[in-house]
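Heads up, the thing below is written out as structure tokens.
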Amino acid sequence: LAPYAAADLIVSTGGTYLVEHYALAPRLFEFDMARRLGKPLIFYTQSLGPFKTPRYRKRLRAIFDDAALILLRDAPSLAHIRSLGVAHDRAAVLPDVVFGLWHPPAPKRSGERLRVAVSVRRWAHFTGQTAEAGMAGYRQAVAEAVERLVTHHQAEVVFLSTCQGVPEYTYDDSAEALEVVARLPVAIRAQVRVDDGFHRPEALMDRLAGFDLVVATRMHMAILAMIAGTPVAPIVYEFKTRELLDLVGYSEWAGTDDRLDIETLQAETLNATLDTLIERLPAARETMIARVEDVYRQAETAVARLQTAVDHRKEGKP
């Protein structure tokens, strides 16, 4: 309790953890503790909800009603807040904080072998089928796409993700990558690499800048790739990714409005999306960089909003 009691401000970091298929009780305990200590509580860029369980709705309304600032990554999350009855103006929709790492990407090299990074993950929350069946279909679709990247596009393929190489963390996406690689023909398997190390965000961006294309299941893998100047083919597993695609104008630069959903992913659709992106890579990259820079400018305002919230609390304003 001591660090919380000594704090002037408590910030709930950005991400997606306030959704009912994750454990909410530990989070609600922390938020209630901040409120009881009388500390200003700020929610940094979040995707959250919907909230259907009555006991959660009641507690969350009290927490959000009292929050100094609530920054949300998308309009559906704001709607989920409003559905609880939270009506104050201390909630705003802004891009994910990771866009704040953007800087003008270096020019791409040309005339070399196509390089593609692939991010996969374990997903247990399929709605139209069992997790086992859903993961089997997802793995097979990605495996067939990787095989075609190697045989048809002569691509160098590396599995790489944001959640790996940390033994204490719940997830290790490199383990899932090995499951996909095991489905490849032996001859293809020998041409594919799994990078299982941990890379800090800046180092990961440097690696992603060296690829021509990223197949990204993890949302932050997609964001880091885009701010590094590398187009993405994103696989959607939660609504936050669909909102991200609209934010960055995906259909404008990707040449397709197909949304690759983990629930229904098929190799044919994934291959068609990759073919389209590969065919238009230089133009797609140019348009994408311009859109991502615009999003970065929007993300910068999060710091100003946070400062205003802190100033108001210092002055005793609501």
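From a predicted model like this one, the values you see are computed outputs, not experimental measurements.
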For F31 and L24, what are the C-alpha separation, side-chain angles and deciding distance, and is it a side chain to side chain contact (heavy atoms under 4.5 Å, CB included)? CA-CA 11 Å; F31 302 152; L24 290 183; over 6 Å; no
Starting from the C-alpha separation in whole Å, work towards a yes-or-no answer on side chain to side chain contact (heavy atoms under 4.5 Å, CB included) for M221 and V214. CA-CA 8 Å; M221 185 71 170; V214 174; 4.3 Å; yes
Start with the C-alpha distance between N271 and Q266, add both sets of side-chain angles, then the distance that settles side chain to side chain contact (heavy atoms under 4.5 Å, CB included), and finish with yes or no.
CA-CA 9 Å; N271 283 331; Q266 298 289 326; over 6 Å; no
Handout entry: Candidate pair L28 and I63, rule side chain to side chain contact (heavy atoms under 4.5 Å, CB included), full reasoning
Key = CA-CA 8 Å; L28 298 180; I63 290 164; 3.8 Å; yes
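When all heavy atoms of P50 and E20 are compared, the pair lying nearest together is O-CG, 3.9 Å. Listed here is the closest heavy atom pair of I42 and A309: CD1-CB, 4.2 Å. Of all heavy-atom pairs between G255 and T276, the closest is O-CG2, 4.0 Å. Residues T16 and Y22 share a closest heavy-atom pair of O-CE1, 3.4 Å. Taking all atoms of both residues into account, the shortest heavy-atom contact from W253 to V248 is NE1-O, 2.9 Å. I227 and P105 make their closest contact through O-CG, 4.1 Å (heavy atoms, listed as atom of the first residue, atom of the second, distance).
For the pair T130 and M135, the minimum side-chain heavy-atom distance is 4.5 Å or more. Looking only at side-chain heavy atoms (C-beta outward), V157 and R193 stay at 4.5 Å or farther from each other. Using a 4.5 Å heavy-atom threshold, the side chains of L72 and Y44 count as separate. Residues L224 and V98 form a side-chain contact, since some pair of their non-hydrogen atoms from C-beta on lies under 4.5 Å apart. Within the 4.5 Å cutoff, the side chain of T256 has heavy atoms near those of the Y250 side chain. Using a 4.5 Å heavy-atom cutoff, the side chains of S174 and F159 are not in contact. Side-chain contact check for D65 versus H88: some heavy-atom pair is nearer than 4.5 Å. Considering only heavy atoms from C-beta on, D294 stays 4.5 Å or farther from V292 through its side chain.
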Please table the atom pairs, donor to acceptor, closer than 3.5 Å between any side-chain atom in residues 137-145 and protein atoms at least two apart or in another chain.
from : atom 1 : to   : atom 2 : distance (Å)
Y138 : OH     : R121 : N      : 3.2
Y138 : OH     : T217 : OG1    : 2.8
R139 : NE     : E176 : OE2    : 2.5
R139 : NH2    : E176 : OE1    : 3.1
R139 : NH2    : E176 : OE2    : 3.4
Q140 : OE1    : R183 : NH1    : 2.9
Q140 : NE2    : E144 : OE2    : 3.1

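The CG atom of D196 lies 7.5 Å from the CG atom of L178; values are rounded to the nearest 0.5 Å. Interatomic distance, S47 OG to L244 CG, rounded to the nearest 0.5 Å: 9.0 Å. Between C163 atom SG and D172 atom CG the span is 9.5 Å, to the nearest 0.5 Å. In this structure, the separation between CZ on R90 and OG1 on T308 is 13.0 Å, given to the nearest 0.5 Å. The structure places CG of D96 at 11.0 Å from CG of L71, a figure rounded to the nearest 0.5 Å. Atoms CG and CD1, from L60 and I81 in turn, are 7.5 Å apart once rounded to the nearest 0.5 Å.
Geometrically, R27 engages Y17 in a cation-pi contact, judged by NZ or CZ lying under 6.0 Å from the ring centre and within 45° of the ring axis.
Here Y296 pairs with W102 under the ring pair (Phe, Tyr, Trp, His ring centres under 6.0 Å) rule; sequence neighbours left out. Contacts of D261 classified as salt bridge (Lys or Arg N to Asp or Glu O under 4.0 Å), with partners at least two apart in sequence or in another chain: R242. Applying the salt bridge (Lys or Arg N to Asp or Glu O under 4.0 Å) rule to D195 yields the partners R207; only residues at least two apart in sequence or on another chain are considered. The side chain to side chain contact (heavy atoms under 4.5 Å, CB included) check on F198 picks up V166, R200, with sequence neighbours excluded. For K240, the salt bridge (Lys or Arg N to Asp or Glu O under 4.0 Å) partners two or more places apart in sequence, or in a different chain, are E238. Take S83 and apply the side-chain hydrogen bond (donor to acceptor under 3.5 Å, both in side chains) test, not counting sequence neighbours, and it matches no residue. Residues meeting the side chain to side chain contact (heavy atoms under 4.5 Å, CB included) test with P40, sequence neighbours left out: L9, A68, R313. For E252, the salt bridge (Lys or Arg N to Asp or Glu O under 4.0 Å) partners at least two apart in sequence or on another chain are R291.
Applying the salt bridge (charged side-chain N to carboxylate O under 4.0 Å, His left out) test to every pair with at least one member in residues 35-59, sequence neighbours left out, gives these pairs: D32-R35, D32-R59, R35-D66. Sequence neighbours left out, the pairs with a member in residues 156-169 that pass salt bridge (charged side-chain N to carboxylate O under 4.0 Å, His left out) are R115-E156. Identified under the salt bridge (charged side-chain N to carboxylate O under 4.0 Å, His left out) test for residues 213-223, with sequence neighbours left out: D173-R218.
Panel note: side chain S77, backbone R73; no donor-acceptor pair is recorded below 3.5 Å. When atom types are taken as modelled, the side chain of Q164 and the backbone of G197 share a donor-acceptor pair closer than 3.5 angstrom. With hydrogens and angles disregarded, no donor-acceptor distance shorter than 3.5 Å links the side chain of E243 to the backbone of P76. Checking side-chain atoms of Q46 against main-chain N and O of F43 turns up no donor-acceptor pair under 3.5 Å. Using a distance-only test at 3.5 Å, with no hydrogens or angles considered, no donor-acceptor pair links the side chain of T230 to the main chain of M226. With hydrogens and angles ignored, the 3.5 Å screen pairs a side-chain donor or acceptor of R82 with a backbone N or O of V86. H153 contributes no side-chain N or O that, together with a main-chain N or O of A155, makes up a donor-acceptor pair within less than 3.5 Å. Between the Q191 side chain and the A187 main chain, a donor and an acceptor come within less than 3.5 Å of each other. Using a distance-only test at 3.5 Å, with no hydrogens or angles considered, no donor-acceptor pair links the side chain of T287 to the main chain of A284. The backbone N or O of P201 lies less than 3.5 Å from no partner atom in the side chain of H220, so there is not a single donor-acceptor pair.
L69 and I10 sit in two unconnected hydrophobic clusters of ILVMFWY residues. Membership requires side-chain heavy atoms under 4.5 Å apart, directly or through other members. When hydrophobic clusters are built by joining Ile, Leu, Val, Met, Phe, Trp and Tyr residues whose side-chain heavy atoms come closer than 4.5 Å, directly or via intermediates, L208 is grouped together with L114.
Within 6.0 Å of the CD atom in E279, the count of heavy atoms belonging to other residues, nucleotides or ligands does not exceed 12. Taking a 6.0 Å sphere around CD of E286, one finds it holds 12 or fewer heavy atoms contributed by other residues, nucleotides or ligands.
In this structure, the ring of H80 has its center less than 6.0 angstrom from the ring center of F239.
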